[in-house]
K.L.:
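Can you read through this structure? Questions will come right after.
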Protein chains: 2
Amino acid sequence: MSSGYDVGMTASAPTPRTGVAFLLAQLGAHAAGLFADRIAGLDLTPAQAGLLRMLAAAPGRSQRELAGDLGMPPSRFVPFADELEERGLIERRRNASDRRVYALHLTGKGEALLAELAQAGMAHEQQLCDALTDEERDRLLVLLRRMADQQGLRPDVHPGYRNLRPKPKP
Amino acid sequence: MSSGYDVGMTASAPTPRTGVAFLLAQLGAHAAGLFADRIAGLDLTPAQAGLLRMLAAAPGRSQRELAGDLGMPPSRFVPFADELEERGLIERRRNASDRRVYALHLTGKGEALLAELAQAGMAHEQQLCDALTDEERDRLLVLLRRMADQQGLRPDVHPGYRNLRPKPKP
DNA sequence: TATTGTTATACTCTATAACTATA
DNA sequence: TATAGTTATAGAGTATAACAATA
């Protein structure tokens, strides 16, 4: 096999499969994809789920703040929030003292969906950690938390929303 | 703080920050982003780097095969390969026995760039594992490999190419 | 007739930049 | 004048499907 070429240090590719970095990227994309598929059953995209969680954690923030945390421009946030509002999951409330801003809140229906989301999240976690014992999972958690911390990643809020869209149903 | 609502199990969001799944997605996206930034200095996108590595590991494959492994339709692969060919990094060779297919190969220049890519990959790995001792990194590697294996992820080939484009330079 | 590589087209998404209403 | 939200528009990127050459 292996026809032509071989200039000096060809060898078996750089450091791809071997390294932690590659495995993290691979597993991370895999995890995000599985999660997207799972919550598609709730008619939610990862970004929508992210907003619901953010509103539960800190209600009443402005659209611009939320858009910033989700990594999207305000202009894109508007139709994004529109859909969730039309579905009765979130609510825009005018601020009396500054009538330019909307304070965003979860509705009762939104809270209920968030509970379903929690269950989906737990099942997702189990599916992903199926190859690990409980003790191993704990040790993994410690290491990953330390890495995330040292890399300056915020404890909550957006992994790689941005480019995840729902899949068509063939 | 924390105005309105609180329907039963509101609490502090589902299982986001806590779980392995979320941390993997977060760290994975972070790692992919850092790597993209780094190799942008070599005028390469992650997908381009992926193709170079694939050609080093298994030269002479057809465009359709490669496109499939990269997760892109053949129609998209054509201009993708065109650019790399114009830059003199890869080479299309007609198959004499079946003149429909092109066998793709790295050029000498491509091999040289691959060596630079290897260095970038090693620096990337170090940057990401900065918070870990060597022993911890080894233990992490064992756990991640086992997870990836059990999840059916192929040992090499594409993490989350697809949606990673180069950034504009402001 | 089936398959490789290629081109063309139509569609989705996105960011940029105007616009309005409040301040 | 500056800022929150909104709308409009134009551009990039994509997949789908048609096409040509070869089998």
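When reading the values below, keep in mind they use all heavy atoms of this one structure, side chains included, and skip hydrogens, waters and symmetry mates. All chains are named by letter (A, B, ...) in the order of the sequence lines, taking the proteins before the strands, and each is independently numbered beginning at 1.
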K.L.:
Base, sugar-phosphate, or nothing: which does A:Y102 touch, judged by heavy atoms less than 4.0 Å apart?
P.N.:
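Since only primed, P, OP1 and OP2 atoms lie under 4.0 Å of A:Y102, the category is sugar-phosphate.
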
K.L.:
Considering only D:dA4, D:dA23, D:dT7, which nucleotide approaches the side chain of B:D98 most closely?
P.N.:
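Nucleotide nearest to B:D98's side chain: D:dA23.
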
K.L.:
If I take atom CG in residue A:L70 and atom C1' in nucleotide C:dT14, what distance separates them, rounded to the nearest angstrom?
P.N.:
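The distance from CG of A:L70 to C1' of C:dT14 comes to 16 Å, rounded to the nearest Å.
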
K.L.:
Could you give the CG-to-C1' distance, from A:N95 to D:dA4, as a whole number of Å?
P.N.:
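So the two atoms are 11 Å apart, to the nearest Å.
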
K.L.:
Taking atom C1' of C:dT4 as reference, at what distance in whole Å does atom CZ of B:R61 sit?
P.N.:
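Distance check: B:R61 CZ to C:dT4 C1' gives 15 Å.
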
K.L.:
Evaluate whether atom CZ of A:R99 has more than 12 neighbouring non-hydrogen atoms of other residues, nucleotides or ligands under 6.0 angstrom away.
P.N.:
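Incorrect, the count does not exceed 12.
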
K.L.:
Report the distance from atom CG of B:L104 to atom C1' of C:dG5, rounded to the nearest whole Å.
P.N.:
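To the nearest whole Å, that distance equals 11 Å.
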
K.L.:
Rounded to whole Å, how long is the line connecting atom CZ of B:F77 with atom C1' of D:dT16?
P.N.:
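Whole-Å distance recorded here is 19 Å.
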
K.L.:
Would you classify A:R99 as touching base, sugar-phosphate or nothing, given that sugar-phosphate means primed atoms plus P, OP1 and OP2, and contacts are heavy atoms under 4.0 Å?
P.N.:
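If one applies the 4.0 Å heavy-atom cut-off, A:R99 turns out to touch the sugar-phosphate alone, with no base involved.
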
K.L.:
So, does the side chain of B:R76 form a donor-acceptor pair with the base of D:dG13 at under 3.5 Å?
P.N.:
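No pair found.
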
K.L.:
Between atom CZ in B:R92 and atom P in C:dG5, what is the gap in whole Å?
P.N.:
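Nearest whole value for this atom pair: 9 Å.
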
K.L.:
Checking only heavy atoms, does the side chain of B:R100 share a donor-acceptor pair with the base of C:dT3 at less than 3.5 Å?
P.N.:
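Flag set: donor-acceptor pair detected.
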
K.L.:
Whether B:R87 and B:D43 form a salt bridge (side-chain N of Lys/Arg under 4.0 Å from carboxylate O of Asp/Glu) is what I want to check.
P.N.:
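No, this pair does not count.
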
K.L.:
Whole Å only: how far is the CD atom of B:E65 from the P atom of C:dT3?
P.N.:
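The answer, rounded to whole Å, is 14 Å.
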
K.L.:
Name the residue from A:R92, A:K109, A:R93 that meets the salt bridge (Lys or Arg N to Asp or Glu O under 4.0 Å) definition with A:E85.
P.N.:
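When salt bridge (Lys or Arg N to Asp or Glu O under 4.0 Å) is applied between A:E85 and each of A:R92, A:K109, A:R93, only A:R92 qualifies.
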
K.L.:
Give a yes or no on whether a donor-acceptor pair under 3.5 Å exists between the nucleobase atoms of C:dT14, that is its base, and the side chain of A:S75.
P.N.:
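In this structure, the two groups form no donor-acceptor pair.
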
K.L.:
Base, sugar-phosphate, or nothing: which does A:R94 touch, judged by heavy atoms less than 4.0 Å apart?
P.N.:
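The answer is nothing, as A:R94 stays clear of every strand by at least 4.0 Å.
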
K.L.:
Does one hydrophobic cluster hold both B:L42 and B:L52, with members joined at side-chain heavy-atom distances below 4.5 Å?
P.N.:
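They do share one cluster, since a chain of ILVMFWY contacts under 4.5 Å joins B:L42 to B:L52.
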
K.L.:
Hydrophobic cluster membership, with links at side-chain heavy-atom distances under 4.5 Å among I/L/V/M/F/W/Y: are B:L34 and B:L23 in one?
P.N.:
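Yes, because B:L34 and B:L23 connect within a single hydrophobic cluster, where side-chain heavy atoms sit under 4.5 Å apart.
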
K.L.:
Whole angstrom is fine here: how far is it from CZ in A:R93 over to P in D:dG5?
P.N.:
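Rounded to the whole Å, the gap is 15 Å.
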
